[in-house]
Colleague: 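Encoded as structure tokens, here's the structure I'll be asking about.
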Amino acid sequence: MVQSSVLGFPRMGANRELKKATEAYWAGKATVESLLETGKTLRAAHWKIQKDAGVDLIPSNDFSFYDQVLDHILMFNAIPERYTKYNLPPLDVLFAMGRGLQKKETESSPAIDVTSLEMVKWFDSNYHYVRPTFQDNQEFKLNSTKPIDEFKEAKELGITTRPVILGPVSFLQLGKADRGQSVTPIDLLEKLLPVYEELLTKLAEAGAESVQIDEPVLVLDLPEATKKAFETAYSKLGKLSSAPKLVLATYFGDIVHNIDVIPSISHLYGLHIDLVRAPEQLSDVLKAIGDKQVLSVGVVDGRNIWKTNFSKAIGLVESAVHTIGAERVIVATSSSLLHTPHTLESEKNLDPEVADWFSFATEKCKEVVIIAKAVSDGAETVAEEIKSNAASVTARATSKRTNDAAVKDRQAKITEEMYNRKSPFPDRIAAQSKTLNLPKFPTTTIGSFPQTSEIRVQRNKFTKKQITAEEYEKFIEKEIDDVIAIQEEIGLDVLVHGEPERNDMVQYFGERLHGYVFTTNAWVQSYGSRCVRPPIIVGDISRPAAMTVKGSKYAQSKTKKPMKGMLTGPVTCLRWSFPRDDVHQSVQAEQLALALRDEVIDLEKAGIYVIQVDEPAIREGFPLRKGKERDDYLTWAVNSFKLATAGVENGTQIHSHFCYSDFQDMFSLISNLDADVLSIENSKSDAKLLNVFKKEEYPRHIGPGVYDIHSPRIPSYDEIKNRIEEMLQYLKPEQLWIDPDCGLKTRQWTETKPSLTNMVNAAKHFREKY
Ligand code: GLN
Ligand code: ZN
């Protein structure tokens, strides 16, 4: 019999109860008991959903108050001393590592001021984990019994679960040496393994029959030492006399390039692979696993919101069954469902046509069960479900939304010229200096100005129809008038309208494009208590009407200085949405690019001669491994930006913005965009990173951020001046722009005005000097 399993369930709750409870606790408005109680209630509810769906292998220890990797840091006592010295309760230590802690001195306790551990993207998802941070003399011990406690908790509810733990190789490999330390994390393996042995033994004693041990690093390019670590770790853990059956789980890619690691894990009970992301790995893995091991096949997408195509999934599972027998196959979600929203039930406003195409976490649990049943008991036992699934799949494939002939026709007609500006940069910049007439060291900002509570109040009123579209528009125009007046007073050179009308840089455009839909409650965890609600690309994308032209034109009419038009780039629109899974991402990026191209050209026609197309997400789309996928990405990501921007005349200046500074591995991508001006984050990193622009003789203009916009601190004139001085070691005076790190929407006016004034004055200093 084929079993069904889920690798992890979202933690936040149907109505983000966990977010509300943790934030109330942080704000001192709720007790630790009530927070713990919320956690317990949510775990019980989530187990019950899976139990009711009929899932055979239900995960535990997938719950976390902040992040699952952080839980392991605490559990293995890999806690830097700066967090332990205050003798805080464990949960507070956990939060201090996750988000930092600042507390004033009281009679009974000293002042506390610690920053958080580093937070990094979890592979190529939009989830972020807390990075383990090790000392040269690192020791480990079992410091918490969370997996055991949660296993017992479920057992008391009558549910036998399969605990999930992060494997030792991934735990180390995903970590780093603490500041001032030089340890190579993987070298700590021998010290760490006894703690895993203890944990697994205790889980067995508590009654756990099997354990899911996550080793997602197996999908990456691994150094030899890390590959060897698999052998060391699993020859030990696999041979424990009293351990549960271990299923080693990989996800977000294929493991074929690391297939030589398989023999060292082939004595474990089972292996899980992601067949949604990499179906072609099945035959290689089947050959490699030997004649006993169980294979868990991830055929239900843990990263997206689409209904599983049952006939395809059943076909894959059957081919595994055919080779190794039903007893050795488990049907599973491709990864944890952490990356999907809780339930489709909460969506009351979706068009029924598209709602029929979706499946969120709760629905996906039912999908694994149906697929397992179809394979075990025969398709006829779930005939109804298979029939209705096939109907949804056909409806989606044949819908007008996914088959817009006009969009496809336009894509087919894209020509080589459309990717390239009319002339090379030297001609363009000459033309631009005539149109724009800018001083040396031109100053600008990245787009948004403070989103005041007044702006949010008015937007809310408008959404709730408490004010008319006209009233709202008047309000927005007044906001634009104000930011223009302020920018003129400060003396900035290229102005912006301040983006007061934008709720979110992707949602704003998605709402104005065909091919997108929006949910009301489909939140997914981004990090800690923070959740995002990505728009969904459901069909071919096109632009029914201009999106920003009216606003930009209005803004330009209010000033003699150049007004910068502000758009979100195709890759960022794609990356921060749930993409389609029926066409390649490059196709979707190209459609977005064509829509944006029209907008760029319309802006130019309306007299906007500086246009910024933001691509802050272009880096995170970078495929995890070297090779074809990455090379292809470099081509299509760059092409979509060029397609969006290259339709303008030489005298129109294209800007782009990126929220990170380390370009070493991305330099060619950034350079190939051929943007006239780049603004990048730089103030918090070493100016030396700019050396790549010097070394590669980057020919175009660039504005590395001169101050950090994430902090309320006001940078002084001298500080900015010194920063610019440093930049001039790497960049030529005639190519340097002066701007902040990113948009100012999260700042207050009281910080923004003096900061920008100091910035403009610093630029003036260099204008006189050069
Ligand atoms: N133009 C956007 C802003 O200023 C850019 C935001 C971003 O880079 N994330 O807010
Ligand atoms: Zn930014």
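Hydrogens, waters and symmetry mates play no part in the numbers below; they use all other heavy atoms, side chains included. Predicted, not measured: the structure shown is a model, and the values here were computed from it. Start at 1 and go down the list; that is how both ligands and their atoms are numbered.
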Colleague: Which of the numbered atoms in ligand 1 are below 4.0 angstrom from a heavy atom of Cys742?
Modeller: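 Taking each heavy atom of Cys742 in turn, ligand 1 has 7 (C), 8 (O) under 4.0 Å.
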Colleague: For ligand 1, which atoms have a heavy atom of Lys745 less than 4.0 angstrom away?
Modeller: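 The atoms of ligand 1 under 4.0 Å from a heavy atom of Lys745 are 10 (O).
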Colleague: With heavy atoms of Asp614 as the reference, note each atom of ligand 1 found under 4.0 Å away.
Modeller: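 Reading through ligand 1 atom by atom, the close ones are 1 (N), 2 (C), 5 (C).
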Colleague: Closer than 4.0 Å to some heavy atom of Gly447 - which atoms of ligand 1 meet that?
Modeller: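 Per the distance check, 4 (O).
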Colleague: Is the charged tip of Arg303 near the ring of Phe252: under 6.0 Å from the six-membered ring centre and within 45° of its axis?
Modeller: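 Yes, Arg303 sits over the ring of Phe252.
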Colleague: Need the ligand 1 atom indices (1-based, order shown) with element for anything under 4.0 Å from a heavy-atom of Met505.
Modeller: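 Reading through ligand 1 atom by atom, the close ones are 6 (C), 7 (C), 9 (N).
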Colleague: Do the ring centers of Phe663 and Phe693 come within less than 6.0 Å of each other?
Modeller: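 Centroid distance Phe663-Phe693: below 6.0 Å, so yes.
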Colleague: So which heavy atom in the protein is nearest atom 10 (O) of ligand 1, and how far is it from that ligand atom?
Modeller: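 So the nearest neighbour among protein heavy atoms is Ser448 OG, 2.7 Å.
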Colleague: What is the ring orientation for Phe622 with Tyr633, classed by angle as parallel under 30°, tilted 30 to 60°, or perpendicular over 60°?
Modeller: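 Ring orientation, 0 to 90° scale: perpendicular.
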Colleague: Ring centroid separation for His339 and Phe123, is it under 6.0 angstrom?
Modeller: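 Between His339 and Phe123, the centre distance exceeds or equals 6.0 Å.
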Colleague: Using distance alone, with no hydrogens and no angle criterion, decide if Ser671 and Glu696 have a side-chain donor and acceptor under 3.5 Å apart.
Modeller: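 No.
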Colleague: Do Trp737 and Phe441 have ring centres separated by under 6.0 Å?
Modeller: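 Centroid separation for Trp737 and Phe441: 6.0 Å or greater.
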Colleague: Is the Tyr129 to Tyr527 ring centre distance short of 6.0 Å?
Modeller: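 No, the ring centres sit 6.0 Å or more apart.
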Colleague: What I want to know is whether Glu499 and ligand 1 share at least one N or O pair that is separated by under 3.5 angstrom.
Modeller: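 Indeed, backbone or side chain, Glu499 has an N or O that close.
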Colleague: I want to verify a count. Protein N, O or S atoms less than 2.8 Å away from the Zn ion (ligand 2), how many are there?
Modeller: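 Under the 2.8 Å cut-off, the count stands at 3.
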Colleague: Which of these passes salt bridge (charged side-chain N to carboxylate O under 4.0 Å, His left out) with Asp493: Lys564, Lys440, Arg767?
Modeller: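 Testing Asp493 for a salt bridge (charged side-chain N to carboxylate O under 4.0 Å, His left out) against Lys564, Lys440, Arg767 leaves exactly one candidate, Arg767.
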Colleague: Pick one: which of Lys642, Arg421, Arg428, Lys422 meets salt bridge (charged side-chain N to carboxylate O under 4.0 Å, His left out) with Asp674?
Modeller: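 Passing option: Arg428.
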Colleague: Which of the atoms of ligand 1 are close to Cys659, meaning less than 4.0 Å from one of its heavy atoms?
Modeller: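 Answer, ordered by atom number: 7 (C), 8 (O), 9 (N).
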Colleague: Heavy-atom contacts with Gly743 under 4.0 Å: which atoms of ligand 1 show up? List them by number with element.
Modeller: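 Result: 3 (C), 4 (O), 10 (O).
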Colleague: Go through the side-chain N and O atoms of Gln451 and Arg459 and say whether any donor and acceptor fall under 3.5 Å apart.
Modeller: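 Result is yes, a qualifying pair exists.
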Colleague: Heavy atoms, side chains only, cut-off 4.5 Å: are Lys684 and Glu681 in contact?
Modeller: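 Yes, their side chains come closer than 4.5 Å.
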Colleague: Under a 4.0 angstrom heavy-atom cut-off, which atoms of ligand 1 come close to His657?
Modeller: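 Numbered from 1, ligand 1 contributes 8 (O).
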